[in-house]
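Structure first, commentary second.
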Protein chains: 2
Amino acid sequence: MKLSEGVEAAIHCAATLAGVEDGATMPGSALAAQFDLSPSYLLKHLNAMTAAGVLESVPGPAGGYRLARAPERISLLDIVLAVEGPQPAFRCGEIRQRGSVKLPASAYVKPCGINVAMLRAEKAWRAVLASEKLSDIVAGFMNDADPRSVAAACAFVERYQRPQKSSSLKRQERK
Amino acid sequence: MKLSEGVEAAIHCAATLAGVEDGATMPGSALAAQFDLSPSYLLKHLNAMTAAGVLESVPGPAGGYRLARAPERISLLDIVLAVEGPQPAFRCGEIRQRGSVKLPASAYVKPCGINVAMLRAEKAWRAVLASEKLSDIVAGFMNDADPRSVAAACAFVERYQRPQKSSSLKRQERK
DNA sequence: GGAGTTGTACTCGGATACAAGGTGTCCGAGTTGGCAGGG
DNA sequence: CCCTGCCAACTCGGACACCTTGTATCCGAGTACAACTCC
């Protein structure tokens, strides 16, 4: 059992995006540079989060990614499911039905007890992940992390975020 | 995130082995036939459980596998860790340290908050798995499953289990 | 000087190679049980 | 008839290919900004 390596990158990127101002965006290339990752590959995960409704993407110059909703309403479970897919970790193959002794299908109406137990464990895992909001991660970072690290992160966000340009707003008003 | 497919087979085999009498064994080929699996491949997982101390194996004719201890003292977590390995699902690659802005190592003495959160979730997962004993699985199967299925399973165990031969005991006494 | 138009540069998005771990299979080492031979 | 030695069959154990999934990369579509040209 191993989680995809991209989950770590996705959460870090989401936490970084939580620091940008409302409506502002940050290009994927900047996020990739922050963690020394392949830009093209990171796009894959950012795209997955966009498809899942966790992020929003705006194309064109001065475009990039931003959170689709407030950090308080984004949980780690949302990010993990977006990257890994919604399927549970344990997939019951119903091997109890296959084998030397064949029984009619009516003998297997009750669900497999092993599957139930494994799904119960995964449910607990998801519950903890759902309770961990992105805002908690950011708050914990601000409080506990080294001040130098916090300052560097804030400087990075300030450096690379692309605020919603006023001109585009003007154009919308003009229309 | 996906669990190995062998986990399901391993748990089913362990549950079957819980039905054999004390000291008796069941060959891996019989377990493979019960679930229509490749015998050679199933051996891999049974071997892993043996290495982890969950099962015991006896070689030679009339040999096979048996539980290393009572079903009440074997949890699903033991089996999962034996097959999947003890490493946690989320491995923090410390990507926060890599990137464009380099800080001295003294800035990263505190653990990564994301890693802490993910490990906390996995801890809950493991706690549920540790509380699910193999005896509970067997008891649930006996109570809830279809009577035909229970009868078939009992018949299978009775059919293929190899009791500790009296001759070997005699030989031990003789020595 | 101002508005319209065109070109360019930057962004995301999907399609395409490479690699690793899980899956599946094969062959070898070890041990016990049965059988034959001898006492 | 009983004991002893040998043979053979069955077991687990580790080493070897195959394939799906995740990793990494490249190229193309789309859009906003900026400069240029025309009025």
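Just so you know, these numbers use all the heavy atoms, side chains as well, and skip hydrogens, waters and symmetry mates. Every chain is numbered from 1, with letters handed out A, B, ... down the list of sequences.
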- Query: How many angstroms lie between atom CG of A:Leu31 and atom NE2 of A:His45, to the nearest 0.5 angstrom?
  - Reply: 13.0 Å

- Item | Euclidean distance, A:Cys154 SG relative to A:Arg159 CZ, rounded to 0.5 Å | 15.5 Å

Could you check how far [atom1] of [X] sits from [atom2] of [N], rounded to whole Å?
X: B:Glu5; N: D:dT21; atom1: CD; atom2: P; value: 10 Å
X: B:Glu8; N: C:dT23; atom1: CD; atom2: P; value: 11 Å
X: A:Leu42; N: C:dT11; atom1: CG; atom2: C1'; value: 14 Å
X: B:Gln87; N: C:dG21; atom1: CD; atom2: P; value: 10 Å

- Query: Linking Ile, Leu, Val, Met, Phe, Trp and Tyr through side-chain heavy atoms less than 4.5 Å apart, which residues share a cluster with A:Val150?
  - Reply: A:Val138, A:Phe141, A:Met142

- Message: I'd like to compare against my own output: the B/S/- annotation of nucleotides 5-17 of chain D with a strict under-4.0 Å heavy-atom distance to protein.
- Response: ----BBSSSS---

- Mark yes when over 12 heavy atoms from residues, nucleotides or ligands other than A:Arg73 sit less than 6.0 Å from its CZ; otherwise mark no. no

- Query: Does B:Tyr41 put a side-chain nitrogen or oxygen below 4.0 Å from OP1 or OP2 of C:dT23?
  - Reply: yes

- Message: Does a side-chain N or O of B:Ser4 approach OP1 or OP2 of C:dG21 to a distance below 4.0 Å, or not?
- Response: no

- Message: Main chain of A:Glu132, side chain of A:Asp136: is a donor-acceptor contact present, judged purely on distance under 3.5 Å?
- Response: no

- Is there a donor-acceptor pair closer than 3.5 Å between any side-chain N or O of B:Lys133 and the backbone N or O of B:Ile74? no

